[in-house]
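The structure appears below as structure tokens.
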Amino acid sequence: MNEEQRLQGQQVKDTTPSDKKSEKDYSKYFQSVYVAPSLKDAKKRGKEEIKYFKDFNIPEEYMGMGNGKKFYIRTYGCQMNEHDTEVMAGIFMALGYEPSETTEDSDVILLNTCAIRENAENKVFGEIGHLKSLKQERPDLLVGVCGCMSQEESVVNRILSKHQHVDMIFGTHNIHRLPQILKEAYMSKAMVVEVWSKEGDVIENLPKVRRGNIKAWVNIMYGCDKFCTYCIVPYTRGKERSRRPDEIIQEVRMLAAHGYQEITLLGQNVNAYGKDFDDINYGLGDLMDELRKIDIPRIRFTTSHPRDFDDHLIEVLANKGNLVEHIHLPVQSGSTDVLKIMARKYTREQFLELVRKIKAAIPDVALTTDIIVGYPNETEEQFEETLSLYREVGFEAAYTFIYSPREGTPAAKMNDNVPMEVKKERLQRLNTVVNEMSAEALKKYKDRVVEVLVEGESKNNPDVLAGYTRRSKLVNFKAPKTAIGKIVKVKITDVKTWSLNGEMIEELETAEVK
Ligand code: SAH
Ligand code: SF4
Ligand code: F3S
């Protein structure tokens, strides 16, 4: 069966066996569409052509299958997963399902999972366990596990053997097959498993139900080919593959026309955008140069990899306009030796040189980052290099993590002589610097006027509105609810460690706006 037929939604009876004969045979637990995910297969790059499908559509026979039923999706992990949830919600709604606020009154529950660190996976297994009693009370309920964890063989095997109340497992390459998978699950008593360890396709015209109407995510590429030695993503998300520029531009134009105020372009490594095109020489800089002409107030992108961040992109970003002066630029470590073992493919010096170039072109840029501490055998000196790099760059915020071994990645096989207490202590020391630098960056805002995209009521106080500046600073201020969804000027009165308080200003033409 070819891909085209799969997309047409024909009956799938693909029983490709796992190529690992030694593996335990789980065939008694599932029926029909079982294709074992394999990290080994996921690593084979370039053996399979990327296929483009321009016209996703749901075959007539599935229409109305959700009438009178409700769905609930719990999302873990990164923006990529959040956006996949929006696509799956779009498919559910097209099938006639309605969204539900709680698991209790849902007919289908999906867990869209994340595999990035062990604790992310533990949370999901906890939740799968909780759902067992609900399933026992209501046997008609469908429980599904999708997202990055379902791309791991060990996870699939654990669910097959220990969590038989799960009805469906499907992978990140299979979300467009939700109608077929649901139908199979309704018809079958056994678990439906459909996970492809392939490189993935690019499928256009997927329905989406976006959360909110102020900010929107737009995928520009899928997958990752970087294979940093600690990271599971290249295995769970497939090969790097870019959407065509015209499709992206059209989507952003449509969002602008619908009144969205901010777009975040998504990819695991957006700086590799376009590298897979063999007919055009076109990169992220070229794309941003076209997007900046679209009438939408703000455009961001995430996540950048320092290695592929080129001069043309810096030049384009320096034009500002709707391209905001905030770049999230994960460094992971400040030590060249650790970076080498991580296979990040840049040195401390190269990273600092990139930062120098970015700051020369965009002097008021806000840089934020991701850092892993306690990498196998990381020495005290190497860790201190991370602290010193953090200060030297002047990062304004960071996501910081203790290294978590992921099965199947090269780092998981490394011997590690750093005790957990040392790792925890390093994380704390790093976080102290991160908090201090954040507070320092925010201090500069006192009495200044900033532009805030108002997103809604503040989490802690419904009388207060909250939103973000171009440089991604959270601002809380009192204003009428009519300001929600608009970009307003706010004068900063008070500075906290992670946020700013202010007062909305109606008009202030001469003030410096940052
Ligand atoms: N594509 C992005 C990162 C995606 S994962 C990039 O390359 O920057 C988000 C962050 O999780 C990473 O930047 C890294 O800091 C962290 N991370 C990834 N794998 C990890 C692991 N095995 N243990 C701890 N942190 C990890
Ligand atoms: Fe993971 Fe590295 Fe790819 Fe980021 S660039 S997703 S850290 S492999
Ligand atoms: Fe997690 Fe997958 Fe994103 S592993 S961080 S949800 S790409």
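Atoms within a ligand are numbered from 1 in the order they appear, just like the ligands themselves. Nothing fancy with the numbering, it's 1 onward along the sequence.
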Which residue is it: Glu82, Glu127, Glu101? I am looking for the one with a salt bridge (Lys or Arg N to Asp or Glu O under 4.0 Å) to Arg74. Glu127
What atoms in ligand 1 come closer than 4.0 Å to a heavy atom of Asp370? 9 (C), 10 (C), 12 (C), 13 (O), 15 (O)
Ligand 1 and Asn269, any nitrogen or oxygen pair closer than 3.5 angstrom? no
Classify the ring geometry of His83 against Trp217: parallel below 30°, tilted from 30° to 60°, perpendicular beyond 60°. perpendicular
Which ligand 2 atoms are under 4.0 Å away from a heavy-atom of Cys231? 1 (Fe), 6 (S), 7 (S), 8 (S)
NZ or CZ of Arg406 within 45° of Tyr235 ring axis and under 6.0 Å: no
State the atoms of ligand 1, each with its element, that fall below the 4.0 Å cut-off from a heavy-atom position in Ser404. 21 (C), 22 (N), 23 (N), 24 (C)
Cation-pi check, Arg429 onto Phe383 ring (under 6.0 Å, within 45° of axis): no
Yes or no: does Val233 have any heavy atom under 4.0 Å from an atom of ligand 1? no
Within 4.0 Å of some non-hydrogen atom of His305, the atoms of ligand 2 are 5 (S)
Shortest protein contact, atom 4 (S) of ligand 3 (heavy atom only): Ala115 N, 3.2 Å
Determine, using ring centers only, whether His328 and Phe301 are less than 6.0 Å apart. no
Are the side chain of Ser404 and the backbone of Arg117 linked by a donor-acceptor contact shorter than 3.5 Å? no
Identify which of Leu329, Ile116, Val331 has a heavy atom lying nearest to atom 5 (S) of ligand 1. Ile116
Report the part of Asn269 in contact with ligand 2, treating N, CA, C, O as backbone and CB onward as side chain, heavy atoms under 4.0 Å; options are side chain, backbone, both, neither. neither
So if I count the atoms of ligand 2 from 1 in the order they appear, which ones are less than 4.0 Å from some heavy atom of Lys226? 3 (Fe), 5 (S)
Atoms in ligand 2 flagged as close to Val233, the criterion being non-hydrogen separation under 4.0 Å: 6 (S)
Tell me whether Thr409 reaches ligand 1 (any heavy atom closer than 4.0 angstrom to a ligand atom). no
Best match, Arg344, Gln268, Met80: closest heavy atom to atom 2 (C) of ligand 1: Gln268
Using heavy atoms and a 4.0 Å limit, tell me yes or no: is Arg344 in contact with ligand 2? yes
Is the OH atom of Tyr468 crowded by more than 12 outside heavy atoms at less than 6.0 Å? no
Going by the order shown, which atoms of ligand 2 are within less than 4.0 Å of some heavy atom of Phe227? 8 (S)
Starting from atom 14 (C) of ligand 1, which protein heavy atom do you reach first, and at what distance in Å? Gln332 OE1, 3.4 Å
Does any N or O of ligand 1 fall below 3.5 Å from an N or O anywhere on Arg117, backbone included? yes
List the closest protein heavy-atom neighbour of atom 1 (Fe) of ligand 3: residue, atom name, distance to the nearest 0.1 Å. Cys114 SG, 2.4 Å
Counting heavy atoms only, which of Glu240, Lys345, Gln268 comes nearest to atom 4 (Fe) of ligand 2? Gln268
Hey, is ligand 1 close enough to Tyr230 that some N/O pair sits below 3.5 Å? yes
Taking all non-hydrogen atoms of both residues, which atom of Ile249 and which atom of Leu287 are closest, and how far apart? CG1-CD1, 4.3 Å
For atom 7 (S) of ligand 2, what is the nearest protein heavy atom, given as residue, atom name and distance? Tyr230 OH, 3.3 Å
Determine the interplanar angle of the Tyr390 and Phe395 rings, folded into 0 to 90°, and report it as parallel if under 30°, tilted if 30 to 60°, perpendicular if over 60°. tilted
Establish, for the pair Arg177 and Phe170, whether the NZ or CZ atom is under 6.0 angstrom from the six-membered ring centre and no further than 45 degrees off its axis. no
Please state which protein non-hydrogen atom is closest to atom 2 (Fe) of ligand 3 and give its distance, to 0.1 Å? Cys148 SG, 2.2 Å
Nearest protein heavy-atom contact for atom 3 (Fe) of ligand 3: which residue, which atom, what distance? Cys78 SG, 2.3 Å
What atoms of ligand 3 come closer than 4.0 angstrom to any heavy atom of Asn81? 6 (S)
For Tyr403, take its heavy atoms, then give the atoms of ligand 1 lying under 4.0 Å from any of them. 23 (N), 24 (C)
Please determine if Glu378 and Lys423 form a salt bridge, counting it only when a charged side-chain N lies under 4.0 Å from a carboxylate O. no
Numbered atoms of ligand 1 (with element) below 4.0 Å of Thr303, judged on heavy atoms: 2 (C), 6 (C), 8 (O)
With a 3.5 Å distance limit and no angle check, can you tell me whether Asn322 reaches the backbone of Ile296 through a side-chain donor-acceptor pair? yes
Give the numbers and elements of all ligand 2 atoms closer than 4.0 Å to a heavy atom of Pro234. 8 (S)
Nearest non-hydrogen protein atom to atom 8 (O) of ligand 1, with distance, is Pro330 CG, 3.0 Å
Between Cys224 and ligand 2, find which residue part has any heavy-atom pair under 4.0 Å and reply side chain, backbone, both or neither. side chain
Please compare Met80, Arg117, Gln268 and report which has the shortest non-hydrogen distance to atom 7 (S) of ligand 3. Gln268
Pairs of nitrogen or oxygen atoms closer than 3.5 Å, one from Ser304 and one from ligand 1: do any exist? no
